[in-house]
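What you see is a predicted model, and the numbers here were worked out from it, not measured in a lab. Below, chains carry the letters A, B, ... as their sequence lines are ordered, and counting in each starts from 1. The figures here come from the full heavy-atom set of this structure, side chains too, leaving out hydrogens, waters and symmetry mates.
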Amino acid sequence: MARKKTLKLATFNVNGIGTRLPNLLEWLAHETPDIVALQELKATDEAFPAAEIEAAGYGAIWHGQRAWNGVALLGRGVEPVESRRGLPGDLDDAQSRYIEAAVHGIIVGALYLPNGNPQPGPKFDYKLAWMQRLQRHAKTLVDLEHPAALVGDFNVIPTDNDVYDAKAWKKDALIQPEVRQAYFDLLAQGWTDALAEVFGDEQVFTFWDHFRQHAERDRGLRIDHLLLNPVLAGGLESVGVDRWVRLQPRASDHAPTWVELRR
DNA sequence: ATGGCTTGCACCGCAAGA
């Protein structure tokens with residue numbers, strides 16, 4: 001088999017890997033991403049469908065949790081080499097929201113950042129604290145001479161251009177100024193927001209809620225992000241969102257979002 | 001300005017998502 005000239009790195013909030021497994025497998029077969037970060041497994045470690053994922057041609061590591069959260073990393077034809085599970089900085093944090101591994105020569109931090117609603121309140125405080133911890137850990141990755149990426153559901157609407165109607169989301173945790181500031185502080189370490197880089201002012205969404213046919217009408221948010229360190233950003237070839245997955249029956253409310261990188 | 005929908009869990013309603 002001829003070696004592809006590019007490598008496709010994707011992130012997908014599946015919103016329950018139990019119910020969404022057929023959608024996930026169809027997407028994997030159709031788009032053949034090389035590296036995949038999954039969020040919101042909503043399944044215990046025991047319930048993760050490892051056999052089906054393996055049969056689809058992917059090695060996997062996962063960090064599950066009953067009912068909520070849960071993250072995984074898949075490698076097409078390879079086993080991810082795990083370097084970390086759980087974000088450092090709070091030993092009492094029991095939520096499964098971070099897993100990191102070397103996959104196809106890239107160190108990938110896969111994250112499911114807390115939603116933070118309702119705000120203000122303890123959940124919003126947890127979100128801000130989590131972003132501070134992420135920023136500290138990200139600093140150890142951004143300056144590596146090795147390719148590194150931070151990808152996942154960030155639950156951050158970076159700018160008003162990343163939402164169909166900023167006014168309708170004004171009170172939401174995803175759009176608050178301190179959340180945006182924390183996101184841009186993270187980028188300022190030297191990360192490239194790949195979709196923002198390529199799309200510029202053109203609107204692109206990765207999430208559409210279940211109300212008022214927002215998916216069909218393309219009224220969404222851009223909250224799933226792929227951040228590349230400088231070494232990796234030099235190889236950025238293209239980006240995209242597989243919106244067709246969101247329009248399938250019984251779909252997740254997120255669509256797979258990806259970058260293609262020169263090898 | 002509000003509510004609109006979907007899922008998991010476990011039990012027919014509630015919490016959580018974004």
Side-chain angles (χ1 to χ4, degrees), chain A residues 11-24 37-49 62-72 93-98 110-131 134 151-183 195 203-226 241 243 245-257:
Chain A
T11 180
F12 183 22
N13 180 325
V14 288
N15 191 13
I17 197 159
T19 42
R20 225 72 68 185
L21 185 61
N23 303 58
L24 173 63
L38 299 175
Q39 303 89 37
E40 279 207 84
L41 302 178
K42 296 185 174 178
T44 60
D45 281 341
E46 296 73 27
F48 185 83
W62 59 93
H63 191 196
Q65 184 176 332
R66 182 182 147 276
W68 297 302
N69 308 320
V71 286
D93 186 358
Q95 300 190 24
S96 299
R97 294 182 176 276
Y98 189 84
L111 62 98
Y112 174 45
L113 208 147
N115 172 297
N117 278 307
Q119 73 81 29
K123 290 187 174 181
F124 191 65
D125 296 340
Y126 174 66
K127 177 175 195 165
L128 292 176
W130 206 95
M131 293 186 85
L134 177 63
V151 307
D153 176 357
F154 280 69
N155 273 316
V156 177
I157 299 168
T159 73
D160 285 355
N161 194 45
D162 298 310
V163 49
Y164 65 91
D165 180 358
K167 278 209 290 289
W169 289 78
K170 190 175 172 54
K171 291 178 180 170
D172 196 278
L174 278 60
I175 205 171
Q176 294 312 304
E178 50 270 64
V179 167
R180 286 178 160 177
Q181 188 60 54
Y183 183 74
L195 266 76
Q203 258 188 343
V204 58
F205 302 132
T206 67
F207 165 92
W208 303 258
D209 67 29
H210 296 293
F211 312 131
R212 304 180 181 198
Q213 295 191 295
H214 278 167
E216 292 77 2
R217 296 161 59 207
D218 198 19
R219 292 168 70 81
L221 315 175
R222 186 175 74 93
I223 54 175
D224 299 275
H225 305 307
L226 299 112
V241 178
R243 184 163 171 244
V245 177
R246 177 64 181 87
L247 300 171
Q248 295 287 95
R250 295 178 60 81
S252 166
D253 35 17
H254 296 252
T257 304

Is the shortest side-chain N/O distance from [X] to OP1 or OP2 of [N] below 4.0 Å?
X	N	answer
A:Arg66	B:dA10	yes
A:Arg20	B:dT7	yes
A:Asn13	B:dA18	yes
A:His210	B:dT7	no
A:Lys170	B:dA1	no
A:Tyr164	B:dA18	no

I'd like to check [X] versus [Y] (side-chain heavy atoms, cut-off strictly below 4.5 Å). Are they in contact?
X	Y	answer
A:His254	A:Asn15	no
A:Arg212	A:Arg217	yes
A:Ile175	A:Gln119	no

Select from A:Ala43 and A:Asn115 the residue whose nearest nucleotide in DNA chain B is closer to the 5' end of that strand.
-> A:Ala43

Nearest-nucleotide check on DNA chain B, A:Asp153 vs A:Arg212; residue mapping nearer the 5' end is A:Arg212

Among the candidates B:dG17, B:dC9, B:dC5, find the nucleotide nearest to the side-chain atoms of A:Phe211.
-> B:dC5

Looking at B:dC9, B:dA16, B:dT7, which one has an atom nearest to any side-chain atom of A:Thr19?
-> B:dT7

Rounding to a whole Å, what distance do you find between [X]:[atom1] and [N]:[atom2]?
X	N	atom1	atom2	value
A:Tyr126	B:dA18	OH	P	13 Å
A:Leu21	B:dG8	CG	P	12 Å
A:Asn69	B:dA15	CG	C1'	13 Å
A:Asp165	B:dG3	CG	P	17 Å
A:Asp253	B:dG8	CG	C1'	14 Å
A:Asn15	B:dG17	CG	P	11 Å
A:Trp169	B:dG4	CH2	P	16 Å
A:Trp68	B:dG17	CH2	P	8 Å

With a non-hydrogen cut-off below 4.0 angstrom, is [X] in contact with a base, only sugar-phosphate, or nothing?
X	answer
A:Lys123	sugar-phosphate
A:Asn117	base
A:Tyr112	sugar-phosphate
A:His214	nothing
A:Ile157	nothing

Parallel under 30°, tilted from 30 to 60°, perpendicular over 60°: which one fits the rings of A:Tyr183 and A:His225?
-> tilted

Would you please classify the geometry between the A:Tyr164 ring and the A:His214 ring as parallel, tilted or perpendicular, with 30° and 60° separating the classes?
-> tilted

Measuring only the [atom1] atom in each nucleotide, how far is [N] from [M]? A whole number of Å is fine.
N	M	atom1	result
B:dC9	B:dG4	C1'	23 Å
B:dC11	B:dA1	P	40 Å
B:dC12	B:dT2	C1'	27 Å
B:dT6	B:dA10	P	23 Å

Please round to the nearest 0.5 Å and tell me the distance separating atom CZ of A:Phe205 and atom CG of A:Leu195.
-> 12.0 Å

dist A:Trp130:CH2 -> A:Gln95:CD (nearest 0.5 Å) comes out at 10.0 Å

